[in-house]
**Q** 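Before anything else, here's the structure in question.
Whatever order the structure lists them in is the order used to number ligands and atoms, beginning at 1. Keep in mind that the numbers below use all heavy atoms, side chains included, and drop hydrogens, waters and symmetry copies.
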Amino acid sequence: MQVRAAVLERFGEPLEVQELELAEPRTGEVLVRLEACGVCHTDLFTASGADPSGYSPTVLGHEGAGVVEAVGEGVRDLAVGDHVVTLFSPQCRECVHCLDPRTNLCLAIREQQGLGFLPDGTTRLSRDGEPVRHFMGCSTFAECTVMPEIALARVSPEAPLDRACLFACGLSTGLGAAMNTARVAAGSTCVVFGAGMVGLGAVAGCRLQGAERIVCIDLSEERLGLARGQGATETWIGGPDTVERVLELTGGFGADYTFEATGHVAVMRQAVESARMGWGLATVCGVAGKGEVLEVVPRFLITGRRVAGSSFGGVKGRDQVPQLVDRWLAGEIDVEPFVSHRLTLDEVNRGFELMEAQDGIRSVISFG
Ligand SMILES: NC(=O)c1ccc[n+]([C@@H]2O[C@H](COP(=O)([O-])OP(=O)(O)OC[C@H]3O[C@@H](n4cnc5c(N)ncnc54)[C@H](O)[C@@H]3O)[C@@H](O)[C@H]2O)c1
Ligand SMILES: [Zn+2]
Ligand SMILES: [Zn+2]
């Protein structure tokens with residue numbers, strides 16, 4: 001079939017919306033008609049050429065939600081008409097990591113996905129007979145896409161897909177960092193660095209876990225306002241004195257849980273240093289630049305602080321994304337404020353501009 005898709009032709013140049021050929025789903029694969037897709041930093045990171053593992057031509061996009069239009073042979077858990085959220089972090093339910101509750105890093109298709117291929121080492125996307133590679137196993141800046149069944153979470157048909165798409169990446173990452181990785185205990189004090197999609201999700205996750213105090217720190221007053229809406233009890237503008245302020249607030253000890261959601265290694269260090277002596281846990285969500293290093297004074301660790309990293313919030317996507325969506329539908333998570341702009345596929349580059357200008361939290365492309 002022919003589909004319109006936003007193609008990355010050359011790094012550092014705008015995406016080009018073109019007609020591509022999309023082949024039928026093969027064994028274990030599913031054809032999804034996209035309803036909506038968020039525009040995320042990782043798309044921009046790759047488009048800019050800053051990602052050393054990037055390649056072109058490819059169809060970007062990985063925060064998709066849509067409806068199953070066809071299934072390939074051997075697909076067991078999805079049927080035509082199902083509503084799905086795409087998972088750049090799949091869940092095969094069979095590999096050694098999927099079978100272990102301690103991680104969500106499924107091993108089933110990592111290598112081929114990283115190279116831009118579906119699990120059998122080929123692409124379903126092409127142009128004049130030339131293959132066009134997939135991106136993060138998703139390629140959701142397109143009217144339709146083909147993905148492995150293990151990389152799709154079936155969500156409630158009640159969930160509006162133009163917001164459900166946010167659970168495909170940043171929102172689940174933040175929620176999961178608090179709920180899965182840190183497992184925030186009720187009554188605790190939490191500090192969240194960064195109030196973008198990931199940090200705001202972490203604030204909401206801390207609230208759902210019953211944290212008593214949630215401090216959110218950002219450089220933007222507007223974003224701090226959104227953090228209060230998600231349950232932050234205090235909000236501060238970040239700066240070099242942030243660690244001291246956290247210590248002051250906590251009788252000199254530090255916070256039970258800290259979360260870094262900025263991508264800056266200097267802020268990661270602040271997150272470690274403002275975690276409580278004895279048991280404070282600093283969870284790092286941000287993706288730092290190539291070659292950057294997180295500096296930690298060992299004394300902070302010896303005196304009982306711990307550091308954890310979190311990819312996709314430790315969320316096992318097929319099992320847990322539907323649960324998070326259900327909590328949204330139950331009124332426990334307010335997703336509306338995260339959608340700042342609605343765009344068409346042709347306006348995808350506008351989504352990048354808005355992101356670079358830090359205008360709003362998420363731009364969502366609606367196909368329709
Ligand atoms: N681990 C994962 O699986 C995963 C998934 C998605 C995104 N990420 C990463 O998480 C990070 C956050 O993503 P996002 O979409 O929320 O980004 P974002 O750019 O929207 O938000 C980052 C926020 O950090 C704030 N900030 C910058 N410097 C600060 C400082 N010194 N103190 C306090 N706040 C500061 C900015 O004002 C901004 O609001 C990025 O690095 C992104 O690549 C990781
Ligand atoms: Zn993303
Ligand atoms: Zn697996």
**Q** What residue and heavy atom of the protein are closest to atom 23 (C) of ligand 1, and at what distance?
**A**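 Sorting protein heavy atoms by distance from atom 23 (C) of ligand 1 puts Asp218 OD2, 3.5 Å first.
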
**Q** With a 4.5 Å limit on heavy-atom distance, are the side chains of Thr122 and Pro131 in contact?
**A** no

**Q** Starting from atom 7 (C) of ligand 1, locate the nearest protein heavy atom and write down its residue, its atom name and how far away it is, to 0.1 Å.
**A** Val198 CG2, 3.6 Å

**Q** Within the supplied structure, the quantity of interest is the number of heavy atoms (other residues, nucleotides, ligands) at a distance under 6.0 Å from Glu16 CD; does it exceed 12?
**A**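 More than 12 within 6.0 Å, yes.
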
**Q** What do we get for Val267 next to ligand 1 when only non-hydrogen atoms under 4.0 Å count, side chain, backbone, both or neither?
**A**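 Contact part for Val267 vs ligand 1: side chain (C-beta onward).
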
**Q** Between Ser220 and ligand 1, is there a nitrogen or oxygen pair with a distance under 3.5 Å?
**A** no

**Q** For atom 11 (C) of ligand 1, find the nearest protein heavy atom and state the residue, atom name and distance (0.1 Å precision).
**A**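 Scanning the protein heavy atoms, the shortest distance from atom 11 (C) of ligand 1 goes to Gly286 CA, 3.7 Å.
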
**Q** Nearest protein heavy atom to atom 3 (O) of ligand 1, by residue and atom, and its distance?
**A** Phe312 N, 2.7 Å

**Q** Answer yes or no for Arg163 and Trp328: cation-pi contact, defined as NZ/CZ to six-membered ring centre under 6.0 Å and angle to ring axis within 45°.
**A**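 The answer is no; the distance or angle limit is not met.
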
**Q** Examine distances only and state if a side-chain atom of Ser172 and a backbone atom of Phe167 form a donor-acceptor pair shorter than 3.5 Å.
**A** yes

**Q** Looking only at distance, does Thr42 have an N or O less than 3.5 Å from an N or O of ligand 1?
**A**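 Looking only at distances, the answer is no, because the N/O contact criterion of under 3.5 Å is not met.
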
**Q** Does ligand 1 have a heavy atom under 4.0 Å from the side chain of Ser310, from its backbone, from both, or from neither?
**A**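 It is the backbone that touches ligand 1; the side chain stays farther off.
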
**Q** Would you name the heavy atoms of Gly201 and Leu171 that are closest together and state the gap between them?
**A**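 So the two residues come closest at CA-CD1, 3.9 Å.
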
**Q** What's the separation between atom SG in Cys138 and atom CD in Glu63, rounded to the nearest 0.5 Å?
**A** 9.5 Å

**Q** Rounded to the nearest 0.5 Å, what separates atom CZ in Phe259 from atom SG in Cys285?
**A** 7.5 Å

**Q** To the nearest 0.5 angstrom, please state how far the NE2 atom of His341 sits from the CG atom of Leu354.
**A**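 Output value for this atom pair is 4.5 Å.
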
**Q** Using a strict 4.0 Å cut-off to heavy atoms of Ser311, name the atoms of ligand 1 that fall inside it.
**A** 1 (N), 3 (O)

**Q** Looking only at protein heavy atoms, identify the closest one to atom 33 (C) of ligand 1 and say how far it is in Å.
**A**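 Here the nearest protein heavy atom works out to Ile217 O, 3.6 Å.
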
**Q** Give, rounded to 10 degrees, the angle between SG (Cys95) and SG (Cys98) as seen from the Zn ion (ligand 3).
**A** 110°

**Q** Quick test of your reading of the model: are Arg127 and Glu130 salt-bridged, counting only N-O distances below 4.0 Å?
**A** no

**Q** Contact between Gln358 and ligand 1, counting heavy atoms under 4.0 Å?
**A** yes

**Q** Can you tell me how far CD1 of Ile217 sits from CD of Glu260, rounded to the nearest 0.5 angstrom?
**A**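 Glu260 atom CD to Ile217 atom CD1 measures 11.5 Å (nearest 0.5 Å).
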
**Q** Considering heavy atoms of the protein only, find what lies nearest to atom 44 (C) of ligand 1 and give residue, atom and distance to 0.1 Å.
**A**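 So the nearest neighbour among protein heavy atoms is Cys285 O, 3.1 Å.
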
**Q** Does any N/O atom on Cys169 come nearer than 3.5 Å to any N/O atom on ligand 1?
**A**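 It does not: no N or O of Cys169 is found under 3.5 Å from an N or O of ligand 1.
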
**Q** Where the closest heavy atom to atom 27 (C) of ligand 1 is concerned, which of Met355, Glu260, His264, Gln270 has it?
**A** His264

**Q** Just to confirm my output: which protein heavy-atom neighbour is closest to atom 4 (C) of ligand 1, and how far is it?
**A** Thr173 CG2, 3.7 Å

**Q** Under 3.5 Å between any N/O of Gly238 and any N/O of ligand 1: does that happen in this structure?
**A** no

**Q** So what does the Cys40 SG - the Zn ion (ligand 2) - His62 NE2 angle come to, to 10°?
**A**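 The angle at the Zn ion (ligand 2) comes to 110°, rounded to the nearest 10°.
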
**Q** Does Cys92 bring an N, O or S atom to under 2.8 Å of the Zn ion (ligand 3)?
**A** yes

**Q** Just to confirm my output: which protein heavy-atom neighbour is closest to atom 18 (P) of ligand 1, and how far is it?
**A** His41 NE2, 3.4 Å

**Q** If you measure from CG on Leu118 to OG1 on Thr27, what distance do you get to the nearest 0.5 Å?
**A**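 These two atoms lie 12.0 Å from each other.
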
**Q** To the closest 0.5 Å, what do you measure between OG (Ser126) and CG (Leu20)?
**A** 7.5 Å

**Q** Can you tell me if His41 has an N, O or S atom under 2.8 Å away from the Zn ion (ligand 2)?
**A**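 For His41, the answer is no, given that no N, O or S atom comes within less than 2.8 Å of the Zn ion (ligand 2).
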
**Q** Cation-pi check, Arg362 to Phe338: give yes when NZ or CZ is under 6.0 Å from the six-membered ring centre and within 45° of the ring axis, no otherwise.
**A** no

**Q** Given Leu44, Thr262, Ile237, Val287, which has its nearest heavy atom closest to atom 42 (C) of ligand 1?
**A** Val287

